[in-house]
Structure formats: C-alpha cells, structure tokens
Amino acid sequence: MAVGARSGHDEPEDRPSGNGVPAEAESDGESPDGGSTAVKRPRSFWKELPLLIGIALILALLIKTFLVQAFSIPSDSMQNTLQRGDRVLVDKLTPWFGSEPERGEVVVFHDPGGWLEDTATPEPNAVQKFLSFIGLMPSAEEKDLIKRVIAVGGDTVECKKNGPVTVNGKALDDKSFIFAGNSACDDEPFGPIHVPEGRIWVMGDHRQNSLDSRYHQELPGQGTVSTDEVVGRAVVVAWPVNRWATLPVPKTFDQPGLNAAAAAAVPGALGVAGALPLVFWRRRRLTRGHTAG
C-alpha cells in the first residue's frame, strides 16, 4: 500500500453538510458520552455597547471625583500664565492624602462667600450639564476661582505701594509670572496680614485685573481662603493644544529664608525643651535640701 493511501477501514473524512458546517460540528447538544457540546456564541457588539458605555461613564465619574477635573478659565485675572478660555486640569488626588496648598501653586477653589456675588452664571443646556457631571467638560454652574497661592498659614504677607510683595520679610521676585507692565500691588497695597493656620492668601498674576485676597479683607478671614474650599492644584494647560504647558512653582518661592518665621520658632522651642530638665533638676535639689533641714 502506498504511503498515505487509505484502507477501507479508515475513518471517513469530514464532509461539509448542506449548510457549510462540518458534519462533526453539527450536534443536537449532546456528545456520544452524554456530555453537552453546545458552543456559546459571543455577544454581538450592539448588545455589549451599553455595558461598555456604562463602564466608561463610571470611570470618568470616578476620575473627576478623585483624580483630575477640567476647569475653564473665565477671566483675564491670571494672564499671561493663563488666558481666557484655557482648559486646565486640576489635581484632586493629593488633597485626599492630606496635602495642603503651597506657596506659588496655582489653585482652584470654591467661592469663599461674597467673592463672586455679582458675577452672572451662564445657564448650560442638558448636554453640557451631563458632560460636566462626568468630568468631560468644565462646569458652568459652579462658582469657582483660580489664583496663585502667595502665603500659607502662619505666614505674614505685605505689599506697600511701589514695593514688592513680601512673605515673612522676604521680597518675592514676581517678574517671571505677573502680567507684563503690572506692578506688584500699586492698585491695592495691603498688610501686614498674618495668615491664620488652615488658610491661604491668593493673588492673580494679572495684578491690575484681579479681584483677589486684597479686595476681600472686609469679609471673614480678612481676604484669606480656607484650605477646605480648595478643589486642587492646576497642573497643566490641556486645551487649546497650542497652549499646552505645565504650571510649575516659580523659583522665587523656593528662596532660602522664606520660612524664616517658622525657622525662628524652632530654636526657641528647642531652648525651652532643653531648659525643662535643668529646671526640674534644680527644683528637686532644692526640695531635698528643705527636707534635710
């Protein structure tokens, strides 16, 4: 017999049935040994589409709530760092771990009360409301502001006419980020202001076009903003594409001695701590002397 030839006892070849499916694949749902041979057919794309959309919406909502959120810049108060109409992404994750706003950061915060009372809020349509709810579009209804943190809790901030802004006695070099041609505060000098713990002092980069902490000193907090009102730090300009840029902290906020007030308190605290054992030792010695007498 030639190699590869079949004898009459060989198994018959699979022949296609009338519907084009191999005969072995045709089954009434049971195999010869009684087991089931039913084959699951994958769901159609159209049946899975609602599930995929639902998962995507849930993820978008979680990202907006806990990670990042888009905000639209409604005014010129942060020029030239931010332009009207820019979309920024705000980091909402780090505040969940107890991170506090730091000097030099650009932050978004809710209206502390009275800052935007005369500002009209546009009425969005249903689609805009839905997209803003899941974080795919900035909210037009929320009254939020965006400014730069100049001083934090425990700082003393001041700005005299024709002078620079000073934090704890250190002058800030703000030429790298304030609007060209603006002065530090000539339109509204202020201070000295002691910023309470848990609050921040904020200013716009377009100093002569920003109703910031300087203009709300008659309100509770003397113009400072509670850190509880802070939504998060703006980290990047995401739109338009030709405006894409990160928002780093200017170098002037890293200068040595800016934390001088806090640093000055450390030696005093260490001195008190070191003196306590000596006081207790002296009192104990005196007590023993009186007892012996």
Side-chain angles (χ1 to χ4, degrees), residues 70-91 101-109 111-112 115-116 118-120 138 143-152 155-193 195 200-217 223-225 230-259:
F71 285 85
S72 177
I73 306 304
S75 71
D76 301 325
S77 68
M78 282 296 293
Q79 287 181 320
N80 270 336
T81 304
L82 299 172
Q83 301 290 349
R84 185 192 295 261
D86 283 353
R87 272 26 174 207
V88 297
L89 297 182
V90 173
D91 168 26
E102 296 184 4
R103 302 181 197 93
E105 293 180 346
V106 176
V107 297
V108 170
F109 55 96
D111 182 1
W115 288 40
L116 295 176
D118 298 326
T119 304
K143 288 192 172 184
D144 297 318
L145 301 98
I146 185 166
K147 305 291 180 189
R148 190 180 297 278
V149 179
I150 301 299
V152 298
D155 289 343
T156 298
V157 59
E158 182 180 12
C159 185
K160 297 179 179 178
K161 193 172 181 63
N162 299 323
V165 174
T166 63
V167 178
N168 298 327
K170 288 288 183 178
L172 298 181
D173 182 4
D174 50 20
K175 294 182 180 62
S176 66
F177 58 88
I178 69 169
F179 189 70
N182 275 195
S183 61
C185 67
D186 284 1
D187 57 314
E188 190 69 20
F190 64 91
I193 300 290
V195 183
I200 54 176
W201 178 271
V202 297
M203 297 174 71
D205 287 355
H206 194 163
R207 295 288 166 81
Q208 273 67 67
N209 192 16
S210 176
L211 298 178
D212 45 43
S213 287
R214 297 170 292 165
Y215 290 90
H216 302 287
Q217 297 181 57
T224 61
V225 178
V230 176
V231 176
R233 176 187 175 185
V235 292
V236 65
V237 180
W239 188 263
V241 176
N242 63 342
R243 289 272 306 148
W244 191 93
T246 57
L247 298 171
V249 173
K251 291 182 179 180
T252 188
F253 292 97
D254 295 327
Q255 63 176 298
L258 202 60
N259 291 317

I'd like to know if the side chain of D186 reaches the main chain of K161, judged simply by a donor and an acceptor atom lying under 3.5 Å from each other, with no hydrogens or angles considered.
no

Taking every non-hydrogen atom, the tightest pair across R103 and V249:
O-CG1, 3.6 Å

Can you confirm whether F190 sits close enough to V157 that some side-chain heavy atom of one is under 4.5 Å from a side-chain heavy atom of the other?
yes

Are any of the side-chain heavy atoms of Q217 and I193 separated by less than 4.5 Å?
yes

Spell out, as yes or no, whether a donor-acceptor pair under 3.5 Å connects the side chain of N182 to the backbone of R207.
yes

Please give me the minimum heavy-atom distance between P101 and V149, naming the atom from each residue.
CB-CG2, 4.2 Å

Using atom types as modelled and distance alone, determine if a side-chain donor or acceptor of S213 lies under 3.5 Å from a backbone N or O of G223.
yes

Rounded at 0.5 Å granularity, tell me how far CZ in F109 sits from CH2 in W115.
4.5 Å

Smallest separation among heavy atoms of S176 and D173, with atom names:
OG-O, 4.4 Å

Heavy atoms only: give me the nearest P250-F177 pair and the separation to one decimal.
CG-CD2, 3.5 Å

Show, in sequence, the C-alpha distance, side-chain angles and deciding distance for F71 and I146, and conclude whether the side chain to side chain contact (heavy atoms under 4.5 Å, CB included) test is met.
CA-CA 9 Å; F71 285 85; I146 185 166; over 6 Å; no

In the structure I gave you, are the side-chain heavy atoms of T156 and N168 within less than 4.5 Å of one another anywhere?
yes

When rounded to the nearest 0.5 angstrom, what distance separates CD in E158 from CH2 in W201?
11.0 Å

Drop me the distance from E102's CD to F253's CZ, to the nearest 0.5 angstrom.
11.5 Å

Closer than 3.5 angstrom, by distance alone: can the side chain of R148 be matched with the main-chain N or O of G204 as a donor-acceptor pair?
no

Pair R214-D187, salt bridge (Lys or Arg N to Asp or Glu O under 4.0 Å): steps then yes or no
CA-CA 10 Å; R214 297 170 292 165; D187 57 314; 3.1 Å; yes

Atom CG of D155 and atom NZ of K170: how far apart are they, to the nearest 0.5 Å?
13.5 Å

Which atoms form the tightest heavy-atom contact between L89 and A238, and what is the distance?
CG-CB, 3.8 Å

OG-CD distance between S77 and Q208, expressed to the nearest 0.5 angstrom:
12.5 Å

Measure the CD1-CE distance between I178 and M203 for me, rounded to the nearest 0.5 Å.
8.5 Å

Indicate yes or no: at least one non-hydrogen side-chain atom of E188 is less than 4.5 angstrom from one of Y215.
yes

Looking at V195 and V152, what are the two nearest heavy atoms and their distance?
CB-O, 3.4 Å

Do D111 and L145 come within less than 4.5 Å of each other through their side chains, counting heavy atoms only?
yes

Among D205, N209, L82, which residue satisfies the side chain to side chain contact (heavy atoms under 4.5 Å, CB included) criterion with D76?
N209

With sequence neighbours excluded, give me every side-chain hydrogen bond (donor to acceptor under 3.5 Å, both in side chains) pair touching residues 239-254.
D86-R243, T252-Q255

Among L172, D174, V202, which residue satisfies the side chain to side chain contact (heavy atoms under 4.5 Å, CB included) criterion with I150?
L172

